[in-house]
Visitor: 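Provided herewith is a single structure, encoded as structure tokens, for subsequent inquiry.
Computed from a prediction, not measured in an experiment: that's the story for all the values here. Atoms within a ligand are numbered from 1 in the order they appear, just like the ligands themselves.
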Amino acid sequence: MMRPLLVRTRLDLDATLAAHRAVQSTVALVPTMGALHAGHAELIRRARDEAAVVVVSIFVNPTQFGLGEDLDRYPRQLAADVALCAAGGVDVVFAPDVHAIYPEGPGRGISIDPGPDGRLLEGASRPTHFAGVLTVVTKLFALVRPQVAVFGEKDYQQLVLITRLARDLCLPIRVLGVPTVRAEDGLAVSSRNAYLDADGRTAAAVLSRALVAGQAQQRAGADAAGAAARQLLERETAVDIDYVAVTDRVLGPAPQTGEARLLVATRVGATRLIDNAALSLGG
Ligand code: PAF
């Protein structure tokens with residue numbers, strides 16, 4: 001198995017990608033915060049289908065964590081991450097330090113305003129989150145200059161906002177969403193699942209059951225789908241609901257009929273978990 005090349009600085013990244021750029025190889029970027037798992041492996045697999053060269057970035061981005069969130073305890077495991085990348089056939093792992101991304105320090109330079117939809121749903125509970133995400137993603141796009149960037153549908157609001165970022169800032173990058181990878185009991189695979197104890201882990205499986213319950217009511221419309229999901233979540237006492245929402249595919253008001261999205265956010269103990277599923281509303 002070929003090991004991917006681990007690069008830590010912007011200069012080394014440029015030097016490494018220069019050869020690929022010279023022969024106009026297509027480059028796909030999979031931005032991550034590390035603690036890689038089966039969900040990331042699937043993003044990497046899709047990226048390999050799309051481009052000759054796959055770059056995975058690993059950077060725990062401080063500006064997307066709010067005060068009191070889990071920045072300090074966020075899992076960091078570079079050696080294991082590089083091994084997963086090697087197994088997935090990744091060409092370059094870019095793992096910069098904070099200074100390379102935020103030369104003046106996190107939160108001190110120019111940042112991207114995610115617009116009104118960045119203040120809904122996740123943004124209502126985490127007001128600075130999406131500005132941090134869009135700012136770091138813009139920097140990673142500028143550094144790597146990929147033709148394709150691959151993100152998971154699990155962070156659905158993030159995916160919608162990054163797609164809009166590329167469109168609104170006229171970036172020549174195709175943003176590709178990849179369906180969520182799930183454990184056998186339906187729980188969406190996430191780095192934050194590592195925080196759950198055994199009881200929390202069992203309780204957390206209710207999120208995906210709630211989505212299935214919502215989908216079972218989709219023909220009856222958005223309210224019925226949302227209510228069915230909420231009812232199931234309310235039955236699980238270890239789970240605190242933050243929101244249950246039905247929107248259109250791009251986070252606008254839910255339509256009467258047609259494609260929509262059911263999104264849920266909860267706390268299981270101290271761990272915030274989100275999930276979502278596609279709906280097809282009406283008859
Ligand atoms: O989804 C994530 O892991 C992060 O939000 C991202 C897109 C890598 C930006 O830090």
Side-chain angles (χ1 to χ4, degrees), residues 13 28-44 46-47 54-66 69-78 80-82 84-85 88 90 92-102 106-107 109 111-114 117-118 121-123 125-144 146 148-166 169 171 173-181 188-195 263 265 271-276:
L13 178 71
L29 172 64
V30 182
T32 81
M33 296 207 299
L36 303 183
H37 49 60
H40 296 109
E42 180 62 10
L43 302 184
I44 290 167
R46 281 305 307 275
V54 175
V55 180
V56 171
S57 62
I58 297 180
F59 179 66
V60 181
N61 172 35
T63 63
Q64 69 188 77
F65 290 78
E69 289 188 9
D70 54 346
L71 173 61
D72 292 335
R73 69 172 183 142
Y74 199 84
R76 288 158 172 90
Q77 45 170 64
L78 187 59
D81 289 346
V82 172
L84 184 143
C85 289
V90 169
V92 180
V93 175
F94 177 47
D97 65 12
V98 171
H99 183 75
I101 300 296
Y102 296 107
S111 80
I112 304 283
D113 181 346
D117 286 352
L121 304 170
E122 284 304 284
S125 298
R126 311 178 68 195
T128 57
H129 175 66
F130 287 118
V133 170
L134 297 192
T135 300
V136 79
V137 166
T138 306
K139 288 168 183 265
L140 292 168
F141 283 178
L143 291 167
V144 177
V148 186
V150 184
F151 297 86
E153 284 185 356
K154 192 194 137 270
D155 295 302
Y156 191 76
Q157 187 175 10
Q158 168 174 287
L159 174 62
V160 170
L161 292 173
I162 292 171
T163 305
R164 212 173 282 167
L165 170 84
L169 299 189
L171 306 176
I173 296 172
R174 186 159 54 89
V175 175
L176 187 74
V178 173
T180 303
V181 173
V189 175
S190 161
S191 307
R192 289 197 165 98
N193 294 352
Y195 301 151
L263 303 107
T271 306
R272 185 179 173 79
L273 296 178
I274 60 174
D275 204 349
N276 68 86

Visitor: Are the side chains of Val160 and Asp117 in contact, using a 4.5 Å heavy-atom criterion?
Guide: no
Visitor: Evaluate the side-chain proximity of Val93 to Asp81: yes if any heavy-atom separation is below 4.5 Å, no if none is.
Guide: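 Not touching, per the 4.5 Å side-chain cut-off.
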Visitor: Please identify which atoms of ligand 1 are closer than 4.0 Å to at least one heavy atom of Thr32.
Guide: 8 (C)
Visitor: I need the atoms of ligand 1 closer than 4.0 Å to a non-hydrogen atom of Gln158, numbered in the order shown.
Guide: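 Every atom of ligand 1 under 4.0 Å from some heavy atom of Gln158: 1 (O), 2 (C), 4 (C), 5 (O), 7 (C).
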Visitor: Under 4.0 Å from a heavy atom of Val136: which atoms of ligand 1 are those, numbered in the order shown and with their elements?
Guide: 9 (C), 10 (O)
Visitor: Taking the six-membered ring for Trp, are Phe59 and Tyr102 parallel (under 30°), tilted (30 to 60°) or perpendicular (over 60°)?
Guide: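 Tilted: the ring planes of Phe59 and Tyr102 meet at 30° to 60°.
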Visitor: Near Gln64, which atoms of ligand 1 are under 4.0 Å from a heavy atom of that residue?
Guide: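 This gives 4 (C), 5 (O), 9 (C), 10 (O) as the contact atoms.
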Visitor: Tell me whether Asn61 contacts the main-chain N or O of Met33 through its side chain, where contact means a donor paired with an acceptor under 3.5 Å.
Guide: no
Visitor: Suppose I only count heavy atoms of Pro31 and a 4.0 Å limit; which atoms of ligand 1 are within that range?
Guide: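 The list of qualifying atoms is 8 (C).
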Visitor: Looking only at distance, does Asn61 have an N or O less than 3.5 Å from an N or O of ligand 1?
Guide: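 No; every N/O pair is 3.5 Å or more apart.
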Visitor: Within the structure provided, determine whether Leu134 and Ile162 are in side-chain contact (heavy-atom separation under 4.5 Å).
Guide: yes
